[in-house]
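Presented below is the structure to which this report refers.
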Amino acid sequence: MRPGLTSNGVAEPLFLEFDDNRLLPMLFGDFGRHLARLEQGLGVSISSRGNSVTISGAPSMVAAAGKALQALYVRLTGGEEIDMAEVDAAIRLARSAGQYDADEEPPLFDAEIGIRTPKRRISPRSPGQAHYLRALRETELVFGVGPAGTGKTYLAVGMAVSFLVSGRVDRLVLSRPAIEAGERLGFLPGDMRDKIDPYLRPLYDALYDVMGPDQVDRRLESGQIEVAPLAFMRGRTLSNAFVILDEAQNTTVVQMKMFLTRLGENARMVVTGDLGQVDLPPGAVSGLHHAVRTLDGMAGVATTRFGTDDVVRHELVSRIVEAYDADGSDREGNA
């Protein structure tokens, strides 16, 4: 059970023991820096002696710290490495799992939620990511909406690659609208490919990270992976495919309807975007905003709304997002 209070009102400490001493240096971090981050992030005090750890503090935070340490230890026993980013992820997940008993496995730490790709295993690093990964695995059409740094595109690409290499789909189709930051293709130098590639580069980057350049290039040549602007989707039916539309806040309502109606047999579709970064002309309605509102509650459709607590980049990114949200002056075109 989670730590409580002693008879004199003092919080009971939590004692943990770990079986494999060889893993403890990686669990604790160089000079105990992982334990220090847990102390800082959860407001607890952690002391270690041999293979045992004692955690003291507020009962709810002590329980959260215990869950975080146990989750990190399980990763190590599975042959995976941990770094400070994984420690921060464990802190976020443990905080959200406070309603569970200390001896109960929270769903957010369920190994089945993660993704295995040819290059790495991807695990959720926030409650929103855990919800999103489950939706990606179980639902035909998924909307991932939220600020930068929440992993919307990266996780979608990781799940798509997992579906492809396991044979659940025959191909991947990744797309973006070719409009960003007030620029237009006609004003960029070079031929059509030179104009388009900068807009699609984030999708290539995610593919290379989860699959490796050699496999990606080979599958691009064979047609198993297609990366193309949204305009190239018109008139097609996408069957036996995992289809991703990124930066969807920059679609119009007509473009979004066109894209969503490309869905064919045995296909999955993921639409991601940030409604705080709409680059459409002033007064234009974002197709993403309209679709999320129109399709809300429809069978076979799931929406994950990420918040600043789900930002998994540098912690300063969360504060930047919060500051801009509070200011509200960047909401042009967000009808």
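Given the structure is predicted, the values throughout are model-derived calculations rather than measurements.
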With rounding to the nearest 0.5 angstrom, report the [atom1] to [atom2] distance, [X] to [Y].
X    : Y    : atom1 : atom2 : answer
I91  : E39  : CD1   : CD    : 10.5 Å
D274 : S286 : CG    : OG    : 10.0 Å
L174 : Y204 : CG    : OH    : 9.5 Å
R125 : T150 : CZ    : OG1   : 13.5 Å
L203 : L172 : CG    : CG    : 11.0 Å
R171 : R219 : CZ    : CZ    : 14.5 Å

Would you say [X]'s side chain and [Y]'s backbone share a donor-acceptor pair under 3.5 angstrom?
X    : Y    : value
N51  : F18  : yes
T117 : V210 : yes
T272 : G144 : no
Q249 : H289 : no
Q215 : G212 : no
D88  : A85  : no
E247 : R176 : no
R262 : R236 : yes
K152 : P147 : yes
S175 : L230 : yes

Check whether any side-chain heavy atom of [X] lies under 4.5 Å from a side-chain heavy atom of [Y], and answer yes or no.
X    : Y    : value
Q40  : R37  : yes
V173 : F232 : no
V271 : T251 : no
V285 : T252 : no
D20  : L76  : no
L295 : L141 : yes
H290 : M256 : no
L263 : V243 : no

Worksheet item: Between L69 and L35, is a side chain to side chain contact (heavy atoms under 4.5 Å, CB included) present by the stated rule, with each step listed?
Response: CA-CA 9 Å; L69 267 177; L35 298 183; 3.9 Å; yes

Where is the tightest heavy-atom contact between [X] and [Y], given as atom of each residue plus distance?
X    : Y    : value
I244 : F259 : C-CZ, 4.3 Å
T304 : Y132 : OG1-CA, 3.5 Å
G158 : I115 : O-CG2, 3.5 Å
Y208 : R201 : CE1-NH1, 3.9 Å
V169 : N266 : CG1-O, 4.3 Å
Q277 : A148 : NE2-CB, 4.0 Å

Discussion item. Using side chain to side chain contact (heavy atoms under 4.5 Å, CB included), reason through D19 and T77 one step at a time and then give a plain yes or no.
Written reply: CA-CA 10 Å; D19 297 332; T77 59; over 6 Å; no

Item to complete: Tell me, with the steps shown, if Y154 and I122 meet side chain to side chain contact (heavy atoms under 4.5 Å, CB included).
Response: CA-CA 10 Å; Y154 185 81; I122 303 170; 3.8 Å; yes

Please answer: with hydrophobic residues joined when any side-chain heavy atoms are less than 4.5 Å apart, are [X] and [Y] in the same cluster?
X    : Y    : answer
F143 : V254 : no
F31  : F28  : no
V44  : F15  : no

Worksheet item: Side chains of R121 and S123: donor-acceptor distance under 3.5 Å anywhere?
Response: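 On atom types as modelled, these side chains qualify, holding a pair under 3.5 Å.
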
Fill in: Side-chain donor-acceptor contact under 3.5 Å, S126 with D310
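Distance-only check passes for S126 and D310.
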
Item to complete: Using the six-membered ring of F242, assess whether NZ or CZ of R268 lies under 6.0 Å from its centre and within 45 degrees of the ring axis.
Response: no

Worksheet entry | Evaluation steps, side chain to side chain contact (heavy atoms under 4.5 Å, CB included), between V165 and M211 | CA-CA 10 Å; V165 298; M211 184 176 265; 3.9 Å; yes

